[in-house]
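Order of the sequence lines fixes the chain letters, A, B, ..., with proteins taken first and strands second; residue numbering starts at 1 for each chain.
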Amino acid sequence: MMRGAWALFEVIVRGQYGLSYLTERYKKNIDSRWEIPATLVLLVLLEWMIVGVYQGAYHLLSLEDHPGKVFSILVLGAILWVFFSSVAHMMRQLYFTNDIEWVSGLPLSSSEVLGARMAGVWLGQILVLIVLWLPGLILYGMQLHKGVGFYILVADLMLSLPFFPLVISGWFVLVVVRIVPWGKYRQQIERLLSLLFPLFSFIMIMSINGFMMNAGASGSFTWITKLLDVPNTFASYFYPLHWAFGIGSNGVTAWVNALLFDSFSLCMMVVFLLLGAPLYQRGLQMFRNSSGSQRYTRKKGKQGLRSRSLFRLMLKREYHLLMDTPFFVAQTLVQLIGLPLFIAISFIRGGGIEENEPISVMFQMVILWGSVILCLLMGGMNSILRTISREGRFFYLSKVLPVPYKVQIAAKYTFSMMIMMFACLLVSVIQGILISDWILASWTLVLGILTGSLFSQLGILHDLWRPNLTWQSPKELAKQLGLGNLLFMILSLFLGGTLIFLSWILLKFGKLSFIEIQGIWTLLLIGLHVWTGKGVIAIANRRYQTIQG
Amino acid sequence: MIWFGNVSKRYERGGRLAVDGLQLQVDPGEIVGFLGPNGAGKTTTIKMLTGIIPPDTGEIEVDHRSMIRSPLEAKRKIGYVPDQPESVMRITGREYLHFFADVYRVSPAEREDRLVQYLERYRMEDVIDELIQGYSRGMKQKIAVIASLLHDPAVWVLDEPMVGLDPHAAKVVKEEMKWRRDHGKTVFFSTHVLEVAERLCDRIAILQQGRLVAVGTMEELRRGSGVGIADEETLEQLFLELTE
């Protein structure tokens with residue numbers, strides 16, 4: 001029985017984590033090997049930041065005074081993280097994966113398939129725990145001078161901890177799918193799922209932000225006391241959590257707790273695989289029976305027959321390229337709404353700017369260009385860098401369509417700008433509300449649109465230069481464009497910083513007013529557009545011919 | 001042996017039957033071609049036969065094993081070539097084949113023998129260690145064909161097998177079908193290429209709107225169609241008469 005499940009698990013892992021893909025890629029593309037050290041450097045930087053966060057948190061929580069409670073918080077946090085983040089992952093693995101039909105025809109039992117897919121999710125969660133939680137646990141051990149035994153138990157905990165929350169989210173997914181006739185609403189559900197994890201991450205970040213803010217204020221002790229009691233409250237409802245929390249204690253007690261927790265987790269998983277398999281099978285059947293195609297209606301038919309200009313058609317195509325892929329929609333929405341909301345809430349929690357407090361011209365410029373950078377990050381990262389790559393394997397259509405390349409490029413640019421303009425409008429409105437300076441907000445809107453337009457052109461050129469048209473899943477595309485995004489972010493910050501510095505020079509030595517300085521930037525940016533507009537179209541036209549889709 | 005016993009399938013409650021009371025038997029040592037216009041229910045039938053979807057009513061047996069009561073045993077008897085072999089893309093061809101060999105419990109010795117033999121026969125030796133996502137449509141089809149044969153199945157089921165295959169590979173597949181028939185195995189395939197069906201099949205089954213409208217040898221079909229077709233008329237004319 002195990003052989004088939006193991007073979008499927010191996011294929012899932014190879015596909016999911018791109019092991020075969022990476023092996024082949026690095027065998028062939030020797031030029032791209034720099035990405036390995038670059039990724040390692042980024043990982044080290046990330047770990048360094050995470051360790052910093054843990055150090056701050058341990059300081060706030062007075063680790064030495066409450067070692068047991070801090071350990072419990074860490075374990076509970078990890079369990080909650082695994083539960084919430086695995087619901088969407090599990091749904092995709094169990095029901096939305098492309099290989100579902102292919103696997104159904106194989107001589108594998110439902111338990112084997114369920115087991116292999118669960119193991120794939122489990123492995124993913126272990127990797128996340130190693131990146132996010134392990135540094136915290138190691139730091140915990142070091143600060144409390146724990147012995148080797150503690151680290152062995154932590155390694156064991158990394159493996160066994162995901163079982164219990166995965167089983168809970170697994171039951172949740174199986175039952176929901178069994179009850180809801182969701183096959184017809186597959187696309188809508190996929191969109192919703194893509195939003196789940198970002199939403200959960202956002203709530204987590206906001207909670208940490210809120211906690212930090214409150215902890216810094218006078219009521220910090222009440223907050224900390226309440227937080228330290230949360231694990232016990234959870235454990236009072238569910239006793240096995242005591243065993244998990246007990247792993248942090250000393251001596252034999254820790255080992256006994258680990259043994260009990262591991263046995264309990266394994267039992268939960270085995271029961272889930274045995275009892276969940278028939279439910280999974282029935283859910284799959286229900287999905288296949290209810291996923292019918294949309295019916296043709298006379299009204300829809302008439303709508304499709306209306307004639308439109310080529311440009312409008314291409315613009316509509318761009319809209320569908322983004323909106324028909326739930327992952328892209330979720331990413332765009334999160335960046336468009338999540339980022340400004342986070343900053344706005346932090347600003348309000350920080351006390352904002354007092355009404356009668358005068359704002360210096362230099363501070364206005366910092367706010368202005370800071371907001372412009374925010375617009376670029378919100379509107380640019382997703383939409384601009386992927387205008388070509390988003391088409392993927394269907395890029396050949398762009399080449400065979402009897403539509404001039406410049407019309408296609410104009411449509412891509414216009415669509416990127418529509419997202420960018422929305423971002424600029426949102427930021428300037430939030431800025432106006434928070435600072436009550438609508439003139440500054442108007443300047444943000446104007447300069448944001450002008451700078452955003454330049455970045456849109458740059459983004460299209462970047463994507464034309466190194467498009468990725470062979471991606472199999474939107475997530476894969478997002479991962480591969482990570483470095484492009486980083487460059488884009490650095491460029492935005494560099495541009496903002498340079499303009500703030502130049503504005504300071506103009507203010508200090510040129511004795512120019514705020515309006516005069518912004519006037520100069522506006523004229524300069526408009527001038528740049530005259531130059532870049534034609535250039536981009538010409539370069540893009542040439543490049544389009546050479547891309548092999 | 002394949003046996004469909006009054007099999008019906010409906011996708012939506014109240015909707016039309018995708019397959020309506022299908023009654024068909026395919027014996028060992030026989031090649032049966034499954035024909036029908038688009039949407040006739042061919043792929044649904046094949047999916048039920050391979051255990052991908054369950055029938056609403058009726059019984060399906062593969063080599064005397066019930067696909068409904070003991071699906072794992074029945075599935076082990078089948079080698080299946082899907083119509084769109086593109087589901088697992090991010091692994092290499094060799095990994096894909098080893099996966100199949102593992103799942104169908106092919107011993108290492110047999111696995112190596114058959115791999116060498118089939119890779120050579122389908123001219124896939126040079127690309128077998130490359131990712132499937134880089135394969136052409138025909139290469140994906142070939143790798144699916146090889147995967148379906150690794151465990152030497154008693155029943156070979158192919159859904160539109162000739163699509164995308166180059167003439168050499170198409171010839172090899174046809175030879176494989178004949179070889180299997182001659183060695184007492186069952187071959188069941190759907191196709192739109194009527195010439196292939198006419199030349200290759202011992203019997204032909206024609207499906208129209210989920211119902212089996214004709215089944216038999218070419219000779220039997222000519223005689224039994226009742227549409228007054230002369231002996232020399234081709235399967236194409238017969239098919240069009242029966243399905244219009």
What residues, two or more places apart in sequence or in another chain, satisfy side chain to side chain donor-acceptor pair (under 3.5 Å) together with K42(B)?
-> none
Apply ring pair (Phe, Tyr, Trp, His ring centres under 6.0 Å) to F189(B) and list each qualifying residue two or more places apart in sequence or on a separate chain.
-> none
Using a strict cut-off of less than 4.0 Å between a Lys/Arg side-chain nitrogen and an Asp/Glu carboxylate oxygen, indicate whether D166(B) and K142(B) qualify as a salt bridge.
-> yes
Residue-level contacts of residues 61-77 of chain B with chain A, using a heavy-atom cutoff under 4.5 Å | L72(B), K75(B), R76(B)
May I ask you to decide if the ring planes of W6(A) and F9(A) are parallel, tilted or perpendicular, using 30° and 60° as cut-offs?
-> tilted
Determine which pairs satisfy salt bridge (Lys or Arg N to Asp or Glu O under 4.0 Å) with at least one residue from residues 143-153 of chain B, sequence neighbours left out, and list them in order.
-> D152(B)-R180(B), D152(B)-K185(B)
Whether F34(B) and F188(B) hold their rings parallel, tilted or perpendicular, with breakpoints at 30° and 60° = tilted
Tell me, side chain or backbone of L19(A) under 4.5 Å from chain B's heavy atoms, or both, or neither?
-> neither
